[in-house]
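Each remark here refers to the structure printed beneath this line.
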There are 2 protein chains.
Amino acid sequence: MISILEVPKKYLNTMAAGISLKELALELKLAPSTVSRALNDSYEISEETKKKVIRMAEKLNYHPNQFARSLRENKSKTIAVIIPERINNFFAQVMDGIEEIAQEQGYHLLVYNTHEDVDREKKIVNLLLNGRADAVVMSVSSQTSDISHLQKLYERGLPLLFFDRICAEIPTTKFITNDYESAYDGTKHLIQQGCKKIAFLMISKELSITKERYRGYLDAINEAGLTAEPTMSLNCCMSEEENIKLISDMLWSDNRPDGIMASVEKLALATYQAVKRTKIRIPEDLKIISFSNTAIAGLLNPSLTTITQPALTIGQECAKLLIGKLTKPKHYDLINQVITIPSKITIRSSTVAE
Amino acid sequence: MISILEVPKKYLNTMAAGISLKELALELKLAPSTVSRALNDSYEISEETKKKVIRMAEKLNYHPNQFARSLRENKSKTIAVIIPERINNFFAQVMDGIEEIAQEQGYHLLVYNTHEDVDREKKIVNLLLNGRADAVVMSVSSQTSDISHLQKLYERGLPLLFFDRICAEIPTTKFITNDYESAYDGTKHLIQQGCKKIAFLMISKELSITKERYRGYLDAINEAGLTAEPTMSLNCCMSEEENIKLISDMLWSDNRPDGIMASVEKLALATYQAVKRTKIRIPEDLKIISFSNTAIAGLLNPSLTTITQPALTIGQECAKLLIGKLTKPKHYDLINQVITIPSKITIRSSTVAE
DNA sequence: TTAAAATACGGAAACGATTGCGAAATAATG
DNA sequence: CATTATTTCGCAATCGTTTCCGTATTTTAA
């Protein structure tokens, strides 16, 4: 005799793989449709039946198959996130922001790292074309010039959002920080501290953030009556070693800068490494400011003046808008606009001689 | 007249949402089964037909629906990764390692951050019970003592793997570094540098890594004839501010240590912050060594002696084993064992007085 | 008391792919 | 030429849900 509280033997072996709705219905002597409705708390089902169904579902450890559900409903409650780099405080914080909202709303995150490689980016985007995710939020790689793959993704109809390194050609919403103003203010700060020859360090000329930050840098320089020498804008690469060498060469040259605006954190750190191999003193001989989201700028030697992006907020806003669009398509729209959230400059020892 | 190179009008509106196999078959005047086999390069289909099908699939921009496929095949080519913290160099590197192998093998990654919170961990694990992923690799949160949710996940039959912070009770494969030896060697190094009273900093007594590293620390101390005072083992928490205060209190006390073994990076950094508020000099008055995977240990003030874990390798090995198990279940087995990959100690200024 | 409305549930189709089986048409064999 | 293999493809079931209908039973209204 099988007690009602025991799991029937016939299910014991299949339990590992999970029980289906149909089997659950069979056990309850109900139709699958009824069980489905009961579990989804439909008004068509009596409270009594609901209780029974829910209890049995728990007893048999029932979990609805997500693929069947996704197939039927044509949505997966999954968002794909594509970033160019993972070992990076900015992107990690953005991810945390996205995930915070996603978890609240019951959304899952597929995460992809392109390693700043367009080819990888294209492969990943093509993979996403089959509808594994309901939406995509991304920051393009530094090598992305051809954007046909992004165009295709956009035309596929998936809600698509950009942040930080955006793709202007795609008519959707983008979240960035006030790149121009921050770079302008940061450069101005260097000038106020006495810098006459300021170098601009970048990882790629093509990047949206590079262009904007460079524009801010240029305007500040010109406004101060200084001249922006071509040799002072240094286009770096992916290899840390090479970057250190490039920066070293600049520091050893006769025409060396007395100030540096690093458009990304890694280049400021490369500069620190390069400086270590010289007699140059920071901030006395060289002042440095950098876009950076590291928590330990204050522990560096010397502590680093930073332009900190609102990374967490950017992530949260991306997720809010995207999930809003997914859950209430009528109320939200991914219109072609750039939303700017300001950065914060924190002045530390690397720019002020005591 | 519709040219063969044009997309028939009737599909133009549905193209955004994607075309189905059935529609593709209709257009080709073939049965869905034939089209499916053609696309999957079945021997049953003539080369001629295959060409036609593939060309038409490309023309109509066909992409197979992953949910239908997953439902039918009962697998999703997706691996779930659960980590306790994202803004953390170690975990970021592990993730990169996992993703490297996963991308090679065409696997996707669902990533979850528990923020060191057991309740979140439980929710996430329960979400995974419905088969969204084919396998799970995780590092448990520092607050995890009740492991019933992990047990349930394991019993569900999903291949499950642990790394770094492992759960000994679950009989599966775990990847860690040589926590005991590294802590032993690191502590011994402090002793050799003259430390007599060494403090051990941890984030949770329950963690596997804490226990092992503490054991190594203790053995090194006892072996050297020193005594391990209870006040010298400091159990820190999640809040950076509180940790700095805890460490500050220790540093200001009469009974202050002359050496510190930090079992995780964030506690070494908190120590640096705390030291900044005192007159204490590193390494003259206090020497510090820490488990850490930061790339800028050399840029800290002073540069930090580190025990660096093989994070990337750990990630790669996890992914290799897991995907091996998924693709060739007969050849791979997740036997109950702990695989150890050694760390590397890099001695810097924080432990050697010049 | 009878018609209308509300309640509670079952049957069956649908989502989009894969695959076992059957069956033509063609090729190979005796 | 008759028979058997081989090639090439179609039919239909299946995976596990959800949901549109239909219907029997009960309740409410007239």
Side-chain angles (χ1 to χ4, degrees), chain A residues 11 14-54 56-57 60-78 127 129-132 134 156, chain B residues 11 14-54 56-57 60-78 129-134 156:
Chain A
Y11 290 135
T14 68
M15 274 201 49
I19 196 181
S20 78
L21 184 71
K22 206 183 292 180
E23 294 169 305
L24 180 58
L26 201 71
E27 191 62 27
L28 284 158
K29 298 194 205 310
L30 287 172
S33 52
T34 305
V35 177
S36 173
R37 275 184 272 250
L39 292 173
N40 289 326
D41 201 28
S42 161
Y43 73 98
E44 288 183 294
I45 306 299
S46 71
E47 292 305 318
E48 193 187 9
T49 307
K50 282 182 187 171
K51 301 255 187 207
K52 270 201 312 193
V53 170
I54 290 171
M56 182 65 81
L60 297 188
N61 204 15
Y62 168 76
H63 291 275
N65 183 305
Q66 288 308 310
F67 302 126
R69 183 175 280 176
S70 292
L71 175 60
R72 171 68 208 229
E73 310 224 303
N74 199 32
K75 62 181 180 187
S76 58
K77 300 206 80 171
T78 302
L127 245 35
L129 249 32
N130 60 21
R132 204 175 266 271
D134 295 341
R156 191 68 166 64
Chain B
Y11 291 136
T14 70
M15 274 200 50
I19 197 180
S20 79
L21 184 71
K22 206 185 291 180
E23 294 169 306
L24 179 58
L26 201 71
E27 191 62 27
L28 283 159
K29 299 193 205 310
L30 287 173
S33 53
T34 304
V35 177
S36 172
R37 276 184 268 250
L39 291 173
N40 289 325
D41 202 28
S42 161
Y43 73 99
E44 288 182 295
I45 306 298
S46 70
E47 291 304 320
E48 192 186 9
T49 306
K50 282 182 188 172
K51 301 258 187 204
K52 270 202 310 194
V53 170
I54 291 172
M56 183 64 83
L60 297 187
N61 204 15
Y62 168 76
H63 291 275
N65 183 304
Q66 289 307 310
F67 303 125
R69 185 175 279 174
S70 292
L71 175 60
R72 173 66 208 237
E73 311 219 308
N74 201 31
K75 62 181 180 186
S76 58
K77 300 205 81 171
T78 302
L129 249 31
N130 60 21
R132 205 175 265 272
D134 296 341
R156 191 69 166 64

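Here is how names work: the chains are called A, B, and so on, in the same order as the sequence lines, proteins then strands, and each is numbered from 1. What's counted below: heavy atoms across the whole structure, side chains too, no hydrogens, waters or symmetry copies.
From N61(B), atom CG reaches atom CG of L129(A) across 6.0 Å, with rounding to the nearest 0.5 Å. Here S36(A) contributes atom OG and K22(A) contributes atom NZ; the two are 13.0 Å apart, rounded to the nearest 0.5 Å. A distance of 9.0 Å separates CD1 in I19(B) from OH in Y62(B), rounded to the nearest 0.5 Å. Summarising the geometry, atom NZ belonging to K77(A) is positioned 9.5 Å from atom CG belonging to D134(A); distances are rounded to the nearest 0.5 Å.
A57(A) and L39(A) get closest at one heavy-atom pair: CB-CD2, 4.1 Å. Contact record, S46(A) with T49(A): OG-OG1, 2.8 Å, taken as the closest heavy-atom pair. A25(A) and A31(A) make their closest contact through CB-C, 3.9 Å (heavy atoms, listed as atom of the first residue, atom of the second, distance). For N130(A) against P64(B), the heavy-atom pair with the smallest separation is CB-O, 3.3 Å. A pairwise comparison of heavy atoms in M56(B) and L28(B) identifies CB-CD2, 3.6 Å as the closest pair.
A salt bridge (charged side-chain N to carboxylate O under 4.0 Å, His left out) check over residues 64-75 of chain A, counting only residues at least two apart or in different chains, returns nothing. Sorted by first and then second residue, the pairs that involve residues 30-47 of chain B and meet salt bridge (charged side-chain N to carboxylate O under 4.0 Å, His left out), not counting sequence neighbours, are R37(B)-E44(B), D41(B)-K50(B), E47(B)-K50(B).
R37(B) has its CZ atom 6 Å from the C1' atom of dT19(C), to the nearest Å. Taking atom CG of residue N65(A) and atom P of nucleotide dG16(C), one finds them 16 Å apart after rounding to whole Å. Across the protein-nucleic acid pair, N40(B) atom CG and dT19(C) atom P stand 7 Å apart, rounded to whole Å. Spacing between atom CD1 of I19(B) and atom C1' of dC15(C) amounts to 16 Å, rounded to whole angstrom units. Note: CD (Q66(B)) to P (dC15(C)) measures 18 Å, nearest angstrom. The CG atom of L28(A) sits 17 Å away from the P atom of dA8(C) (whole-angstrom rounding). Remark: C1' of dA17(C) and NZ of K22(B) are 10 Å apart, rounded to the nearest angstrom. The interatomic distance linking L71(A) (CG) with dT18(C) (P) rounds to 12 Å, in whole Å.
Near DNA chain D, defined here as any heavy-atom distance below 4.0 Å, there are no residues from residues 43-51 of chain A. Of all the residues in residues 29-36 of chain A, S33(A), S36(A) reach under 4.0 Å from DNA chain D with at least one non-hydrogen atom.
Bracketed by its first and final contacts, the part of DNA chain D lying under 4.0 Å from non-hydrogen atoms of chain B reaches from dT8(D) to dG16(D) in 5' to 3' order.
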Look for any protein N or O under 3.5 Å of an N or O in nucleotides 24-27 of chain C and output each such pair with its distance, or none.
none

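Panel note: side chain S42(A), backbone A38(A); no donor-acceptor pair is recorded below 3.5 Å.
Remark: the R132(A) side chain and the S76(B) side chain contain no N/O donor-acceptor pair separated by less than 3.5 Å.
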